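I have placed the structure first, in the form of structure tokens, so that the comments after it can refer back to it.
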2 protein chains.
Amino acid sequence: MTTLSEENYLKAIYHLEKQGNDAVSTNAIAEQIETKASSVTDMVKKLAEKELANYIKYQGVSLTERGRLTAMSVIRKHRLWETFLVNKLNFSWDEVHEIAEQLEHIKSEKLIDKLDDFLDNPTHDPHGDPIPDKHGNYTKIKSKSILDISIGSQGVLISVKDSSKAFLKYLNKNELALGDTVKIVDFEPFDESLTIETKSKTMTISKNVAENLYLSV
Amino acid sequence: MTTLSEENYLKAIYHLEKQGNDAVSTNAIAEQIETKASSVTDMVKKLAEKELANYIKYQGVSLTERGRLTAMSVIRKHRLWETFLVNKLNFSWDEVHEIAEQLEHIKSEKLIDKLDDFLDNPTHDPHGDPIPDKHGNYTKIKSKSILDISIGSQGVLISVKDSSKAFLKYLNKNELALGDTVKIVDFEPFDESLTIETKSKTMTISKNVAENLYLSV
DNA sequence: ATTAAAATTTAGATAAGACTAAAAATATAT
DNA sequence: ATATATTTTTAGTCTTATCTAAATTTTAAT
Ligand SMILES: [Mn+2]
Ligand SMILES: [Mn+2]
Ligand SMILES: [Mn+2]
Ligand SMILES: [Mn+2]
């Protein structure tokens, strides 16, 4: 049985492994989890002890198959609970992450299976992130950052890379939501900003915003 | 902010105060929480420190108003989650207690208010226990143990005193559910058993069972 | 009123998880 | 190649929540 803290480390390592290619560094984990490197070293030893991670001193960490599956299970719970909060309890998509951080640690297979059914087996959470099935499998909708899409073309807003409250609130304010069709109208080389067009309006977005918006391709 | 462990102690003290009249003893709490008396002494000091409980060495514990309100809030969450599990996720009433023991510690006012609305502001949980409102107020339906009801009279099964899995499964097996109309037909002095009658059948129940069934009066 | 039993508290240990400061290893820059 | 900077680990401390064993207080019984 994994503890709440172990689960948070596994999740962090999983997310870091998915970005960078090689073994995950102690400092990277520390930053992600907002803890100190020395605490990470301790925990990583414990995860290796439990065969949830591979760890060689000074050489970083990677998840074992068991570790990866455990991480996926926590991520599955997180995303199902977020979906519940938005779809059933009418939370806004910028309010659910913190609550899901708590709910993801509730231990009951049956609960999460029933929740999954209750939500009609959703494949993606409110931020467009894929929800793994109970075996840890998922399919991410093919998408590209707006930055990498050529001027004149268009697509449907599939997911956001940054799901921070600040970014989501920005999107709310500017009436951008998942499912919207977005057309890239213009690119300004000076500040790398983009002009985009939706059903309701035309607007300019910064590079910073653009790289966090993913369109179907 | 109260910890999970503190919340469990507050709940235990609350329930014990409601039965017995005077101050709650260290041993009683220890038994309820399945821990050692010495652990209880430690925690009770901490609760007193936080002004959640009144505590005088060797003389037992009682909740302060703040302690009582905190306990009520945890109980409110517990019962709302149980209601969610049964009414929305189709759990059976004997399966929900353990899961609610975890869910009751999730910290979010907004979550529990929205859950309350989602469930249509239920007044009683799946075991017939009253659900306090957000101010800690509730109204228990007037009821009496079957043991204290005279032969020949009848009432509606309102709540069960014992909500252990074993007892609830016994009731499932014998097709007794909340809302059923029950008539007391006979009393056998020898073993203090009772014969009762429901729409579907007539059956004999032990004293032990009878004292845990509460009928409207 | 003593004495025995039961309940409660204290003292000291342990385990998980986190932190600080110092030591050791690795990476970078000249 | 050597010195410097950065990263990582170790050693030791702290907090929360437990536990066991011993000491103390209260209660019950003679
Ligand atoms: Mn999230
Ligand atoms: Mn999400
Ligand atoms: Mn319960
Ligand atoms: Mn209940």
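All figures in this text were calculated on a predicted structure; none of them were measured in a lab. Residue numbers begin at 1 in each chain, while the letters A, B, ... track the order of the sequences.
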Do any side-chain nitrogens or oxygens of B:Lys45 fall under 4.0 Å of OP1 or OP2 in C:dT9?
-> no

Between CD of B:Glu49 and P of D:dT15 the distance, given in whole Å, is 14 Å

*Under 4.0 Å: is that the gap between some side-chain N or O of B:Asn27 and OP1 or OP2 of C:dT8?*
yes

- Task: Give a yes or no on this: more than 12 heavy atoms of other residues, nucleotides or ligands lie within 6.0 Å of atom CD of A:Glu98.
- Result: yes

When rounded to whole Å, the CD1 to P distance for the pair A:Ile29 and D:dT7 reads 14 Å

A:Tyr55 side chain near D:dT8 phosphate (N/O to OP1/OP2, under 4.0 Å) | no

Check this for me: A:Lys114, atom NZ, are more than 12 non-hydrogen atoms of other residues, nucleotides or ligands nearer than 6.0 Å?
yes

Hits for side-chain contact (heavy atoms from CB on, under 4.5 Å) against A:Ser39, two or more places apart or cross-chain, chain-then-number order -> A:Tyr9, A:Thr35, A:Lys36

Atom CE of B:Met43 and atom P of D:dT15 are separated, to the nearest Å, by 16 Å

Select base, sugar-phosphate, or nothing to describe what A:Thr41 touches, counting heavy atoms under 4.0 Å on all strands. base

The single option from B:Arg76, B:Arg79, B:Lys11 that satisfies side chain to side chain donor-acceptor pair (under 3.5 Å) with B:Glu104 is B:Lys11

Would you call the rings of B:Phe84 and B:Trp81 parallel, tilted or perpendicular, where under 30° means parallel and over 60° means perpendicular? perpendicular

| query | Does A:Ser164 use its side chain to pair, donor to acceptor, with the backbone of A:Phe167 at less than 3.5 Å? | reply | yes

In whole angstroms, the gap separating C1' of D:dT16 from CD1 of B:Ile33 amounts to 15 Å

Here the gap from A:Asp148 atom CG to A:Tyr214 atom OH, rounded to the nearest 0.5 Å, amounts to 7.0 Å

Neighbour count above 12 (heavy atom, 6.0 Å) for A:Lys134 NZ: no

Under-4.0 Å side-chain N/O to phosphate OP1/OP2 contact, A:Thr3 with C:dA16:
no

A:His127/A:Glu82 under side-chain hydrogen bond (donor to acceptor under 3.5 Å, both in side chains): CA gap, chis, key distance, verdict: CA-CA 9 Å; A:His127 313 107; A:Glu82 283 189 343; 3.1 Å; yes

Note: contacts of residues 6-17 of chain A with DNA chain D (heavy atom, under 4.0 Å) are none

Heavy-atom contacts, protein to nucleotides 19-26 of chain D, under 4.0 Å, summarised as B (base), S (sugar-phosphate only) or - (none) per nt, yield BB---BSS

